[in-house]
Amino acid sequence: MVSPVQKAALPCLSLILLVWSQGPGVQSQKFQFGACQVEGVVFQELWEAFRTVKDIVVTQDNITSVRLLRREVLQNISDAESCYFIRALLKFYLNTVFKSYYEKAAEFRILKSFSTLANNFIVIVSKLQPRENEMFSISENARRQFLLYQRAFKQLNIEAARIKAFGEVDILLTWMQKFYQH
């Protein structure tokens with residue numbers, strides 16, 4: 001059972017991470033998702049956090065014949081569509097996958113790495129801002145691809161779907177890497 005203090009720690013960590021990411025020296029690293037730019041996220045930290053939890057999460061995944069986040073779907077998202085798609089996908093991860101995985105992360109003693117992933121996703125979503133004089137590109141293709149992902153998720157048992165989605169964060173990170181600039 002997770003105490004109220006532990007549950008309150010995730011939003012506090014988010015705030016700390018958001019403030020820290022504004023610090024000097026971090027601003028040279030950024031994501032450029034189409035018209036949207038996110039500065040201050042250290043991508044290597046995301047990979048390190050996921051590598052720490054991957055073995056534990058993957059051993060829980062009993063449905064190896066299904067893939068929720070297919071590489072070909074991600075390849076069909078253009079640079080211009082990437083801002084809308086990454087925003088929708090990360091919000092889905094935060095609200096549907098990570099929000100419900102907190103107790104398991106505590107149980108498996110992977111809370112630090114889990115929090116690093118979740119907090120960085122929060123920072124990315126909160127900082128997704130179009131460049132000056134540009135708007136979010138809401139393309140029908142990106143919307144359709146996200147809905148396909150969401151539909152595949154909903155076809156599985158909810159617990160199995162969350163485990164599978166969490167285990168596929170490496171596919172997401174690999175795709176995000178092409179938008180990362182040092």
Side-chain angles (χ1 to χ4, degrees), residues 1-2 6-7 9-11 13-14 17 31 33 38 41-78 81-126 128 139-180:
M1 190 78 191
V2 179
Q6 289 173 318
K7 283 189 177 185
L10 190 58
L13 289 171
S14 299
L17 185 59
F31 284 102
F33 296 106
V38 176
V41 175
V42 181
F43 195 57
Q44 189 61 30
E45 286 180 10
L46 289 169
W47 273 112
E48 289 170 11
F50 182 71
R51 284 185 195 109
T52 301
V53 302
K54 181 176 175 108
D55 290 338
I56 292 168
V57 174
V58 170
T59 58
Q60 297 174 43
D61 185 0
N62 299 322
I63 307 171
T64 57
S65 61
V66 175
R67 181 81 62 217
L68 297 175
L69 195 55
R70 296 184 326 270
R71 285 175 172 82
E72 57 272 9
V73 169
L74 295 173
Q75 290 170 348
N76 288 331
I77 301 294
S78 72
E81 300 167 323
S82 63
C83 182
Y84 171 82
F85 186 77
I86 194 65
R87 190 169 203 277
L89 193 57
L90 291 182
K91 284 177 104 174
F92 181 81
Y93 264 87
L94 289 166
N95 296 328
T96 307
V97 179
F98 289 173
K99 186 176 183 179
S100 302
Y101 206 84
Y102 181 86
E103 288 183 21
K104 277 197 180 296
E107 177 186 331
F108 291 120
R109 300 176 194 262
I110 56 171
L111 203 50
K112 181 179 177 189
S113 296
F114 170 79
S115 294
T116 297
L117 285 168
N119 289 334
N120 274 284
F121 282 12
I122 289 167
V123 168
I124 292 169
V125 168
S126 71
L128 273 173
S139 81
E140 189 56 35
N141 179 51
R143 186 178 169 282
R144 189 174 39 252
Q145 297 300 334
F146 174 71
L147 291 175
L148 286 171
Y149 173 82
Q150 202 172 26
R151 187 177 310 133
F153 182 92
K154 289 179 179 179
Q155 288 177 347
L156 297 175
N157 162 292
I158 189 68
E159 190 61 28
R162 286 180 184 137
I163 291 168
K164 174 141 311 277
F166 196 12
E168 292 181 357
V169 166
D170 60 337
I171 297 169
L172 176 60
L173 293 178
T174 300
W175 179 73
M176 289 172 64
Q177 194 160 1
K178 80 178 197 175
F179 301 98
Y180 190 66

What's the separation between atom [atom1] in [X] and atom [atom2] in [Y], rounded to the nearest 0.5 Å?
{"X": "L117", "Y": "I122", "atom1": "CG", "atom2": "CD1", "answer": "11.0 Å"}
{"X": "S82", "Y": "M176", "atom1": "OG", "atom2": "CE", "answer": "10.5 Å"}
{"X": "L147", "Y": "R151", "atom1": "CG", "atom2": "CZ", "answer": "7.0 Å"}
{"X": "L148", "Y": "R70", "atom1": "CG", "atom2": "CZ", "answer": "7.0 Å"}
{"X": "S113", "Y": "E45", "atom1": "OG", "atom2": "CD", "answer": "11.0 Å"}
{"X": "I77", "Y": "R144", "atom1": "CD1", "atom2": "CZ", "answer": "9.5 Å"}

For the residue pair [X] and [Y], establish whether any side-chain heavy-atom pair is separated by less than 4.5 Å.
{"X": "L111", "Y": "Y102", "result": "yes"}
{"X": "Y101", "Y": "V57", "result": "yes"}
{"X": "Q177", "Y": "W47", "result": "yes"}
{"X": "D170", "Y": "L173", "result": "no"}
{"X": "L90", "Y": "L172", "result": "yes"}

Judged by atom type as modelled, is there a donor-acceptor pair below 3.5 Å linking the side chain of [X] to the main-chain atoms of [Y]?
{"X": "Y180", "Y": "V41", "value": "yes"}
{"X": "T59", "Y": "I56", "value": "yes"}
{"X": "K164", "Y": "V66", "value": "yes"}
{"X": "E81", "Y": "S78", "value": "yes"}

Q.
Would you say E72 and N76 are linked by a side-chain donor-acceptor pair, where the criterion is simply a distance under 3.5 Å?
A. no

If you count every heavy atom of other residues, nucleotides or ligands that lies below 6.0 Å from [X] atom [atom1], does the total exceed 12?
{"X": "R51", "atom1": "CZ", "result": "yes"}
{"X": "K178", "atom1": "NZ", "result": "yes"}
{"X": "K91", "atom1": "NZ", "result": "no"}

What are the two closest heavy atoms between [X] and [Y], and how far apart are they?
{"X": "F146", "Y": "A88", "answer": "CE1-O, 3.5 Å"}
{"X": "V169", "Y": "F98", "answer": "CG2-CZ, 4.5 Å"}
{"X": "L69", "Y": "E168", "answer": "N-OE1, 2.7 Å"}
{"X": "Y93", "Y": "A165", "answer": "OH-O, 2.7 Å"}
{"X": "I63", "Y": "A160", "answer": "CD1-CB, 3.7 Å"}
{"X": "R162", "Y": "T96", "answer": "NE-O, 3.1 Å"}

_Using side chain to side chain contact (heavy atoms under 4.5 Å, CB included), reason through L94 and K99 one step at a time and then give a plain yes or no._
CA-CA 6 Å; L94 289 166; K99 186 176 183 179; over 6 Å; no

#### Entry: Ionic contact status for R143 with E140, cut-off 4.0 Å
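R143 and E140: salt-bridged.
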
Which residues pass the ring pair (Phe, Tyr, Trp, His ring centres under 6.0 Å) test with F153, sequence neighbours left out?
->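 Here the qualifying residues are F92.
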
Apply the test side chain to side chain contact (heavy atoms under 4.5 Å, CB included) to residues F50 and T116: give CA-CA distance (whole Å), side-chain angles for both, the deciding distance (0.1 Å), then the verdict.
CA-CA 9 Å; F50 182 71; T116 297; over 6 Å; no

| query | For the ring pair (Phe, Tyr, Trp, His ring centres under 6.0 Å) test, which of F179, F33, W175 pairs with F85? | reply |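 Among F179, F33, W175, the one meeting ring pair (Phe, Tyr, Trp, His ring centres under 6.0 Å) with F85 is W175.
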
For the residue pair F43 and F31, is the inter-centroid distance of their aromatic rings smaller than 6.0 Å? yes

Next on the checklist: Between I171 and L68, does the side chain to side chain contact (heavy atoms under 4.5 Å, CB included) criterion hold? Intermediate values first, please.
Outcome noted: CA-CA 10 Å; I171 297 169; L68 297 175; over 6 Å; no

